[in-house]
K.L.:
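Quick one: the structure is below, and I'll ask about it shortly.
In listed order, ligands and their atoms are each counted from 1.
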Amino acid sequence: MAEYDYDLFVIGAGSGGVRAARVSAAHGAKVAIAEEYRVGGTCVIRGCVPKKLLVYGAHFAEDLKDARRFGWNVPEPCEFDWATLRDNVLSEVDRLNKAYSQTLDSHGVEMILERATVSGPNEVTLASGRTVRAERILIATGARPSVPPCPGHEHGITSNEVFHLDRLPKRILIAGAGYIANEFAGIFNQFGTKVTLINRSDVILRGYDESIRDRLLQISMTKGIDFRFHAEFRGIEKMDDGCLRVSMTNHEDMVVDCVLFATGRVPNTEGLGLAEAGVEIDAKGAVKVDADNRSAVESIYAVGDVTNRVQLTPVAIREGQAFADTIYGGKPTRVDYDCIPAAVFSHPPMAGVGMTEGEAKNRLGSVKVYTSDFRAMKDVLADRHERALYKMVCDATNDRVVGLHMIGPDAPEILQAAAVAVKAGLTKADFDNTVALHPSMAEELVLLK
Ligand code: NDP
């Protein structure tokens, strides 16, 4: 009898787990993957994908208004139906869920749709009680929303539930001021919900370039989103009429219809049997791994959000790919974490790569900063007054572009291409030597003074 049932057993069929399973199988490994919820993970099922579709849906609020300035006869009032968008988005999620399952299937990966826990360095126990043995185990269980433990927190929802709302709330309070909070603040505001965003500190999107996030704050306020800072949750009380009374530090109570917690995400390591098997877990609950994704136990590896390195889908995918290529593909590969572009799909969106101005000043000492503060051509005709802001941060000693940060229409689309140049270590002169593509917003990048 073979010593192991599988070469590789993957726990968690999200972005990182699916990539690792599929590529390992393509390299010839006998692979099984366990998933307790739905194949696809956070990004596909309750994150990036459905969120981006809601962002598109929300943007029509402005597009339809602007269309009148471009000669289109758009009826007033122009109504939005949440249930139509929600159901269409959820069916697209179903389609992707099936496509992910088919990919695993076509690569010969055995799918086990139940919860799996680690019961030894080479053993996994399934919810049904069956145990299987694998030469290697890969933990790819992702992360889940973290909710501050205040009285009545159970009356709030998280990004897991927000895609399934029966109806749009008239008033929503969003807790947190990071990615999810700002993205959903924009979405709900465009749908006509009164949005209040509260945060314990006095900044939004800590870690992003200061002038870019200040611009988002200013535009969001102009669009009607309220912000409350230095506000920590005291509690949520459900009233007789179903409304929620929220109390917080430093501010008056608020009555709303929905509370959305967007206060960070914690790695899914609880109850997985990891510590018992000898896997080291850090203070935040993440699996500690080395540069080759290996945990403290030689046969157990981890990729993606469960390791809490960079909580982004494309990073988890790269980690899964690197794991498979290194272990089963005969091609040792490590993920390069330098210059990872990221975006916030707020209204308008923002995106950045490399060092912020503040980081560059601290790390390099002498920096040169170039900005373009402009109104997009389309916004001028639409009589829309918000301004885009692009910022290029250069190392003053050699002109190298070390950071690029932007807010404005299509910023993530533009930044992805420009990130190639930043990653490649190009200089401001290289940008200047490129002829502008006119008229476009992206041309500002080669015209910075
Ligand atoms: P973020 O880490 O972006 O932001 C968390 C926010 O919650 C911060 O404003 C933070 O405040 C606040 N906060 C944290 N802990 C508490 C607490 N105990 N009580 C009150 N407030 C708290 O988390 P998100 O939940 O928005 O997103 C999680 C991760 O998912 C992101 O970091 C990102 O990696 C990923 N993501 C990426 C997206 C994208 O690429 N577009 C979209 C959505 C998510 P403070 O400012 O004080 O720290």
K.L.:
Is any NZ, NE, NH1 or NH2 atom of the basic residue among Lys378 and Asp66 found under 4.0 Å from an Asp or Glu carboxylate oxygen of the other?
P.N.:
no
K.L.:
For atom 35 (C) of ligand 1, what's the nearest protein heavy atom and its distance?
P.N.:
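Nearest neighbour among protein heavy atoms for atom 35 (C) of ligand 1, to 0.1 Å: Gln311 O, 3.4 Å.
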K.L.:
What residue and atom, counting heavy atoms only, is the protein's closest point to atom 19 (N) of ligand 1, and at what distance?
P.N.:
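Going by distance alone, atom 19 (N) of ligand 1 is nearest to Pro148 CG, 3.8 Å.
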K.L.:
Answer yes or no: is there a side-chain heavy-atom contact under 4.5 Å between Arg318 and Thr333?
P.N.:
no
K.L.:
Are Asp253 and Arg234 ion-paired here, with the side-chain N under 4.0 Å from a carboxylate O?
P.N.:
no
K.L.:
Compute the shortest N/O to N/O distance between Gly264 and ligand 1 and return yes if it is under 3.5 Å, no if not.
P.N.:
yes
K.L.:
Identify the closest protein heavy atom to atom 37 (C) of ligand 1: which residue and atom is it, and at what distance?
P.N.:
Tyr179 CD2, 3.4 Å
K.L.:
Could you tell me whether Arg38 and Asp94 make a salt bridge, using a distance below 4.0 angstrom between a side-chain N and a carboxylate O?
P.N.:
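Between Asp94 and Arg38 there is a salt bridge, with a charged N closer than 4.0 Å to a carboxylate O.
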K.L.:
Residue-level breakdown please: for Asn199 versus ligand 1, do any non-hydrogen atoms fall below 4.0 Å on the side chain, on the backbone, on both, or on neither?
P.N.:
side chain
K.L.:
Please could you name the atoms of ligand 1 that Ser201 approaches to less than 4.0 Å, counting only its heavy atoms?
P.N.:
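With Ser201 as reference, the close atoms of ligand 1 come out as 45 (P), 46 (O), 47 (O).
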K.L.:
Does the side chain of Val367 reach to within under 4.5 Å of the side chain of Met355, using non-hydrogen atoms?
P.N.:
no
K.L.:
Salt bridge or not for Lys65 and Glu62, using N-O below 4.0 Å?
P.N.:
no
K.L.:
Arg294 vs Tyr301, test: side chain to side chain contact (heavy atoms under 4.5 Å, CB included). Steps then yes/no.
P.N.:
CA-CA 4 Å; Arg294 191 191 288 250; Tyr301 293 73; 2.9 Å; yes
K.L.:
Check this for me - ligand 1, Ala177, N or O atoms closer than 3.5 angstrom, yes or no?
P.N.:
yes
K.L.:
Which heavy atom of the protein is the closest neighbour of atom 17 (C) of ligand 1, given with residue, atom name and distance?
P.N.:
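Of every protein heavy atom, Arg200 NH1, 3.5 Å lies nearest to atom 17 (C) of ligand 1.
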K.L.:
Non-hydrogen atoms of Glu232 versus ligand 1: any pair closer than 4.0 Å?
P.N.:
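The answer is no: ligand 1 sits nowhere under 4.0 Å from a heavy atom of Glu232.
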K.L.:
For atom 21 (N) of ligand 1, what's the nearest protein heavy atom and its distance?
P.N.:
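It is Thr263 CG2, 3.4 Å.
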K.L.:
When you look for heavy atoms under 4.0 Å from ligand 1, do you find them on the side chain of Ala343, its backbone, both, or neither?
P.N.:
backbone
K.L.:
Taking the basic N atoms (NZ, or NE/NH1/NH2) and the acidic carboxylate oxygens, is any pair closer than 4.0 Å for Arg387 and Asp379?
P.N.:
no
K.L.:
I'd like the name of whichever of Leu312, Val147, Leu205, Asn308 reaches closest to atom 40 (O) of ligand 1 through any heavy atom.
P.N.:
Leu312
K.L.:
Please confirm whether Ala342 approaches ligand 1 to less than 4.0 Å, judged on its heavy atoms.
P.N.:
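No, Ala342 has no heavy atom closer than 4.0 Å to ligand 1.
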K.L.:
Applying a heavy-atom cut-off of 4.0 Å, say which part of Thr313 lies close to ligand 1: side chain, backbone, both or neither.
P.N.:
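It is neither part, as no heavy atom is under 4.0 Å.
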K.L.:
Less than 6.0 angstrom separating the ring centers of Phe184 and Phe163, yes or no?
P.N.:
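Aromatic pair counts; centres sit under 6.0 Å.
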